[in-house]
Amino acid sequence: MCGDRTTVNGTAVSTEKPLHKRTPYESVGDFLSNTSNFKIIESTLREGEQFANAFFDTETKIKIATALSDFGVEYIELTSPVASQQSRDDCEAICKLGLKAKILTHVRCTMEDARVACDTGVDGVDLVIGTSSFLREHSHGKDMVAIEKAAIEVINYVKSRGVEVRFSSEDSFRSDLVDLLQLYRAVDRVGVNRVGVADTVGCATPRQVYDLVRTLRGVVSCDIEVHLHNDTGCAIANSHAALEAGATHIDTSVLGIGERNGITSLGGLMARMMVGSREYVMSRYKLHKIKEIEDLVADAVQIIDRRRAQRSTVSTYHSIIPSLCAFTHKAGIHAKAILANPSTYEILSPEDYGLNRYVHFASRLTGWNAIKSRVEQLGLTMSDAQVKEVTAKIKLMADIRPLAIDDTDSIIRSFHLELQEQRN
Ligand code: AKG
């Protein structure tokens, strides 16, 4: 009855909906929907650091974290402190800034990682472990029983440290639904603060996201976070579908940067949510700051030229499908699995596009499996222990400045030379 006037306590009031609230697609509000009640977990400084071109020094991380907190995001997620010494120092430094946003760090679901994470002073720890058969086989080798046991032990530990804890199943959409629900129910029972659903390879459609989150909503009482990759261009639509189904937290990154084609972009999500939830968005987030933040990050990862060509409030870089980096794999755990079986982290094949797969091996996030593969490509021979030693040297250098392929190759070659000299 848009446009009607009615009387409340004797006073005539207009019941007409403001223009921005009217859409031709309005339906009876779903009681599950959180489209006007969600929180943002901003992961530019974690997922975004996994973007092929990203190298954030301490000063840049502090600028980005401060700008995001000022913008209004509720949480800022940082790279694992276990990734490198500088990652740990930066995490501690950001925790000490006293930002309004809560600071999280993202670690593997192990006691070793959780201990280091809790020692940094973060407000919350995001735990992750792969649950699809791809990742169970090629990443960590654990079955569901072992995953549940580890999850409960680590969650209890983080809680005992008085730190907020989230548990996420990597590659949720290619995991067995029954296994997944059983695992989520078990972690909910021990009092996890949030469970995370991850579309790790970007294969899910909005309908599949809606169905899984809605089912999960009936199984757990804790909050539900979603982490949605953009390989098939559905990340923003999937985020909206997740909120409609009852998700409470959405992971974003500025410009959508991340592994391969990245994840839900902060600017894109804001644009989507402004249409149906303008009041909520305007009450929490300083939208007028988004351009400044996008420029800050675009400068830091050197994609400014592309953006200038296509300026928009909806981030454009990762809307190019497949983007230049769609088949680039950077994080240590990704590299290990992708080298064993490309399907672990790819839903599309580079060959179909006439492109090549690239396993990044020159950053602080690089793991020893990627270096082992490079050592082999260079025709050199080293034991696993020696590869781990040279990986530590590469990470040390990568903490200081961005490394080119040649830099990494010369660290490997000179280490190999030293080994040969020791032998002679
Ligand atoms: C992914 O699965 O793509 C991740 O980056 C981890 C997501 C999560 O921790 O929820």
Side-chain angles (χ1 to χ4, degrees), residues 39-51 54 75-80 82-83 104-110 113-114 117 122 124-132 134-136 138-140 147 151 154-155 158 164-175 180 183-184 187 192-204 209 212-213 216 220 222-232 234-235 238-239 242 247-253 256-264 318 325-326 328-338 343-347 365 367:
K39 293 195 171 70
I40 293 173
I41 298 188
E42 225 301 325
S43 189
T44 301
L45 295 176
R46 195 282 290 178
E47 177 71 51
E49 205 181 6
Q50 293 172 220
F51 172 54
Y75 292 86
I76 293 172
E77 187 181 60
L78 306 179
T79 291
S80 166
V82 178
L104 307 170
T105 190
H106 184 264
V107 295
R108 293 167 297 191
C109 187
T110 65
D113 282 21
V122 287
V125 175
D126 287 347
L127 303 171
V128 68
I129 188 162
T131 48
S132 65
F134 289 108
L135 296 185
R136 284 192 280 123
H138 298 293
S139 179
H140 53 73
I147 290 175
V154 181
I155 290 166
V158 177
E164 191 174 311
V165 59
R166 183 222 63 177
F167 174 83
S168 182
S169 63
E170 198 185 9
D171 208 5
S172 316
F173 289 87
R174 296 190 301 171
S175 301
L180 209 54
L183 179 62
Y184 285 133
V187 298
V192 79
N193 296 93
R194 280 189 315 286
V195 286
V197 170
D199 182 16
T200 301
V201 295
C203 63
V209 171
L212 179 55
V213 174
L216 182 58
V220 297
C222 61
D223 285 339
I224 300 176
E225 170 183 343
V226 288
H227 179 92
L228 303 161
H229 274 268
N230 202 32
D231 300 66
T232 56
C234 289
N238 282 349
S239 302
T248 51
H249 294 65
I250 305 286
D251 289 9
T252 66
S253 70
I257 57 171
E259 283 282 348
R260 311 182 311 277
N261 241 64
I263 61 166
T264 308
H318 279 80
C325 305
T328 298
H329 304 271
K330 187 165 167 191
I333 55 167
H334 285 225
K336 176 186 172 188
I338 204 95
S343 297
T344 48
Y345 285 103
E346 278 174 3
I347 199 66
L365 307 182

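Order of listing sets the numbers, starting from 1, for every ligand and every atom in it.
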query = Has the side chain of Lys330 got a donor or acceptor atom that lies under 3.5 Å from a matching backbone atom of Glu49?
reply = yes

Give a yes-or-no answer on whether the side chains of Ser253 and Glu47 include a donor-acceptor pair shorter than 3.5 Å. no

Those residues with a heavy-atom separation under 4.0 Å from ligand 1 are Arg46, Glu47, His106, Val128, Arg166, Ser168, Glu170, Ala198, Thr200, His227, His229

Determine, step by step, whether His329 and Tyr345 satisfy the ring-ring contact (aromatic ring centres under 6.0 Å, His included) criterion, reporting the C-alpha distance in whole Å, the side-chain angles of both residues, the deciding distance to 0.1 Å, and the verdict. CA-CA 8 Å; His329 304 271; Tyr345 285 103; 7.0 Å; no

Measure from the ring center of His227 to the ring center of His229 and say whether it is less than 6.0 Å. yes

Would you mind checking if Glu164 and Arg194 are paired as a salt bridge, meaning a charged N to carboxylate O distance below 4.0 Å?
yes

Sequence neighbours excluded, the answer for side chain to side chain contact (heavy atoms under 4.5 Å, CB included) partners of Ser169 is Thr131, Ser172, Leu180, Tyr184

